[in-house]
Amino acid sequence: MLKVEGYTFDRAKREAVEAVQAALGEPAELTTALPPAEVDADLAIPCFPLAAQRRKSPPEIAGELARSVRPGPLLAGAQAAGGYLNFTLARPAFAAGVMADLIRGGDRYGTSEVGAGRTVVIDYSAPNVARQMSVGHLRSTIIGAALVNLHRHTGYRPVGDNHLGDWGTQFGTLLYAYAHWLDREAYERDPIAELLRLYVMFDEEARKDPALRERAREWSLKLERGDPEARTLWQEFVRHSLVEFQKTYDLLEVRFDHTLGESFYEDKMEEVISQARQNGVATTDGGAVIIRLDDAGITTPLILQRSDGATLYATRDLATAVYRIRTFRPAKILYVVGSDQRLHFRQLFEALKKLGHGDVEYVHVDFGLVRLPEGRMSTRRGRVVFLQEVLEEAIDRARALVDEKNPELPEAERREVARIVGVGAIKYADLSQNRVKNIVFDWDRMLALDGDSAPYLQYTYVRARGIIRKGGDVALDVPFDGRAAASAQEWALIKHLARFPDAVHEATRAYYPHVVANHLFQLAQLFHAFYQEIPVLQAEDNGLRWSRQQLVWGVATVMRTGLGLLGIRVPERMYSRFPVPGIGHGAKCRV
RNA sequence: GCGCCCGUAGCUCAGUGGAUAGAGCGUUGGCCUGCGGAGCCAAAGGCCGUGGGUUCAAGUCCCGCCGGGCGCGCCA
């Protein structure tokens, strides 16, 4: 059972289970469930598993339990409904408990100690040098960044590493193309664009003349052996790329603890290869050094060294893992990489076990591919959408909407809001759905600014903050008034806020950021429904008003914290408190 | 051919083995003298790909089939 100990919701669940166990007079394996909306109860215990041994029907057992249980302080009572024993929570006590959790926690609400300070290395983003990032790289970058935040929130020590693709045969093709076909003027104007042109051109030419591939291999070998000309050019490519990548990372506000590319492991591979050979894990096969994995059910061996002596992607990944284990002493290593590399990681993890590194937990946090309506993206064929271009389009669209709806905001703030909203929309579009599914790229879907989207959640925050600002300071030290948990809207909101720690925990446990995204979307819906019906600043009396203000403050806090975990920022305003009459299509007649 | 992943409303997606499967978009109809409508309320829309099995209980677990995606020794 999912459990985040100490928080009020977990305490209530435990009270229910313990009350039933006490009534039964013995410990029993019990699960809790949430009753459907139309049932008037807050927590349910299915009695079906108890029926078999006791030779009674589930409704009978539920009925007996309903009469005999003695509910704890967070529970108001129990009723039988079919085979379920339903509990009603003691609203004032439960609400006060949740608000106390929230006020005590603030931006740390939902944190837990499940990670127990253990280190988890998270490998994410990892774009290839000498090419622009495509929308395909968005997923790894954003999911990885969210996982870093989630792990920090649940008590781990996350170490983020950007494993740049800055080594390998691809540079052979690039060096060959550079030497023969470079347009120096274009290169000086926009080095990455020119390198991309060369990359595409090489592919076309090599199709006509396959011997070019051999020449490229020679160049990559030269690079690997330290040829000065190859080295100098390669370093230049990497430098240009890093400048380009940084622009995108700045826009996304994604940071890394380390950016150790594949080339960093250049001098660390020999040790891995020779050790694997010495202890018999690796064998030679047709001049190549391989690790057979048949005993692990993998018929394709991992190739450590090519027959011409060159190293491969897998070699570097092996050396990388060994380095990370020595340097960071992690309990886990997460690889946020597309599902097309599943086999590679299965091989890698098995090889690591064979090499004596089986005490670390390795996880391939895989995700589905981003495809275009016409098929798979291919940089070589020019069939690709660049990430930078998507981000800029998102900000432009958000800006148009801000200008339309909120023309009264100062120019600088409109620019800032457009950025927060546009970039947030892109991130949310990705993080709000299960990562394992493929995505067909669609501008309008990706840049949606209404419905289940980041702006909707950000707007929720802005509305909540609007109330708080207008009401002056929230009195967080006054006890929560149980009457502010009386309406259906308030009660639903409180129960939902109570479950946020579970959402954070589950998202981290399963490496599923969308669990948090979904939780926040529901929070937004519940808040808007509340907002529509329940007066806060115009509440009948001060006690009610203060407690509703606390509730609104709680919504704002969870929204900001939760979106923060997803790497999405919130603006303080999306509108001015003092609209300028007669400007904008959306102003209508409210003057 | 073999292996892995996916299949839920017209479209895009949620759905820890528990009660009558939920959202967003789109469609239709309502709600502005209140904390701003980037909002709210409601309607229509489902053989959860399909056939078996396990279970008190299956959209969820297992097997077969169909459809789609990805991968399968010197690319990354």
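Keep in mind it's a predicted model, so treat the numbers as computed, not measured. Letters go in sequence order (proteins before strands), and every chain restarts at 1.
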Distance (rounded to the nearest 0.5 Å) between A/His528 NE2 and A/Tyr456 OH: 4.0 Å

Between P of B/G39 and CZ of A/Arg465, the distance in whole Å: 21 Å

Over all atoms of both residues, closest heavy-atom pair of A/Arg465 and A/Ala556: CD-CB, 4.2 Å

Test of ring centre spacing under 6.0 Å for A/Tyr199 and A/Phe202: no

salt_bridge(A/Asp308, A/Arg217) N-O dist < 4.0 Å: no

Span that lies between the P atom of B/G15 and that of B/G51, in whole angstrom: 25 Å

Sugar-phosphate, base or nothing in reach of A/Gly165, heavy atoms under 4.0 Å: nothing

Can you check nucleotides 54-61 of chain B for protein contacts, nitrogen or oxygen pairs under 3.5 Å, and list what you find?
none

Parallel, tilted or perpendicular, as decided by the 30° and 60° cut-offs, for the rings of A/Phe349 and A/Tyr362: parallel

Atom-to-atom span, CZ of A/Arg499 to C1' of B/A14 - whole angstrom: 13 Å

Sugar-phosphate, base or nothing in reach of A/Leu537, heavy atoms under 4.0 Å: base

Pairwise P distance, B/G24 and B/C70 [rounded to whole Å]: 32 Å

Atom pair distance, as rounded to whole Å: CZ in A/Phe171 and C1' in B/C75: 13 Å

Distance below 4.0 Å between A/Tyr459 side-chain N/O and B/A38 OP1 or OP2: yes

Rounded distance in Å - CZ (A/Phe530) to C1' (B/G34): 14 Å

Option among A/Glu224, A/Glu266, A/Glu262 that satisfies the side chain to side chain donor-acceptor pair (under 3.5 Å) test with A/Thr311: A/Glu224

From CZ (A/Arg509) to CG (A/Leu150), nearest 0.5 Å: 13.0 Å

Whether A/His496 and A/His519 hold their rings parallel, tilted or perpendicular, with breakpoints at 30° and 60°: parallel

Contact nearer the 5' end of RNA chain B, comparing A/Val402 with A/Arg292: A/Val402

Separation between the C1' atoms of B/G52 and B/A38, rounded to whole Å: 50 Å

Distance between P atoms of B/U20 and B/A57 (Å, rounded): 14 Å

Sugar-phosphate only, base, or nothing, as touched by A/Asn128 at under 4.0 Å among non-hydrogen atoms: sugar-phosphate

Residue A/His344, side-chain atoms from C-beta onward, closest of B/G39, B/A76, B/A14: B/A76

Among A/Phe237, A/Trp234, A/Tyr313, A/Phe264, ring pair (Phe, Tyr, Trp, His ring centres under 6.0 Å) partner for A/Trp167: A/Trp234

Qualifying residues under side-chain hydrogen bond (donor to acceptor under 3.5 Å, both in side chains), relative to A/Thr300, sequence neighbours excluded: none

Sugar-phosphate, base or nothing in reach of A/Glu262, heavy atoms under 4.0 Å: sugar-phosphate

5' precedence on RNA chain B between A/Ala524 and A/Ser307 (nearest-nucleotide basis): A/Ala524

Closest to the A/Val417 side chain, choosing from B/G39, B/A38, B/G71: B/A38

Distance test, side-chain N/O of A/Arg376 to OP1/OP2 of B/G71, below 4.0 Å: yes

Selected nucleotide, minimal atom distance to A/His514 side chain, candidates B/C35, B/G73, B/G15: B/G15

Which residues share a side-chain contact (heavy atoms from CB on, under 4.5 Å) with A/Asp366, sequence neighbours left out: A/Ser339, A/Arg342, A/His364, A/Arg435

P-based separation of B/G53 from B/A14 [nearest Å]: 30 Å

Paired and unpaired positions of RNA chain B as dot-bracket, Watson-Crick or G-U wobble under 3.5 Å, | denoting a partner strand: (((((((..((((....[...)))).(((((.......))))).....(((((..]....))))))))))))....

Lys/Arg-Asp/Glu bridge criterion (N-O < 4.0 Å) met for A/Arg371, A/Asp442: no

Distance, P atom - from B/U16 to B/C31, rounded to whole angstrom: 39 Å

Value in whole Å for how far the P atom of B/C75 lies from CG of A/Leu302: 13 Å

Protein proximity profile, nucleotides 3-10 of chain B - base contact B, sugar-phosphate-only contact S, no contact -, cut-off 4.0 Å on heavy atoms: -SSSS---

Atom P, compared across B/U54 and B/U60: separation rounded to whole Å: 15 Å

A/Leu302 vs A/Leu318, side chain to side chain contact (heavy atoms under 4.5 Å, CB included): CA-CA, chis, key distance, verdict: CA-CA 10 Å; A/Leu302 181 145; A/Leu318 222 39; 4.3 Å; yes

Between P of B/G68 and CZ of A/Arg371, the distance in whole Å: 12 Å

P-based separation of B/C41 from B/C56 [nearest Å]: 41 Å

d(CD, A/Gln458; C1', B/G36) in whole Å: 17 Å

Qualifying residue, where the test is side-chain contact (heavy atoms from CB on, under 4.5 Å) with A/Leu401 and the options are A/Val417, A/Leu449, A/Val421: A/Leu449

Test: A/Glu506 and A/Arg499 ion pair at under 4.0 Å: no

Sugar-phosphate, base or nothing in reach of A/Ile468, heavy atoms under 4.0 Å: nothing

Touch class at under 4.0 angstrom, heavy-atom based, for A/Ala529 against every strand present: sugar-phosphate

Under 4.0 Å protein heavy-atom contact, by nucleotide of nucleotides 19-28 of chain B - B base, S sugar-phosphate only: BS--SSS---

side-chain N/O A/Gln433 vs B/C13 OP1/OP2, d < 4.0 Å: yes

Ring geometry between A/Trp443 and A/Phe441 (parallel below 30°, tilted from 30 to 60°, perpendicular above 60°): perpendicular

Whole-Å gap separating P (B/A14) and CG (A/Leu457): 16 Å

Under 3.5 Å side-chain donor-acceptor pair for A/Tyr265 and A/Asp317: no

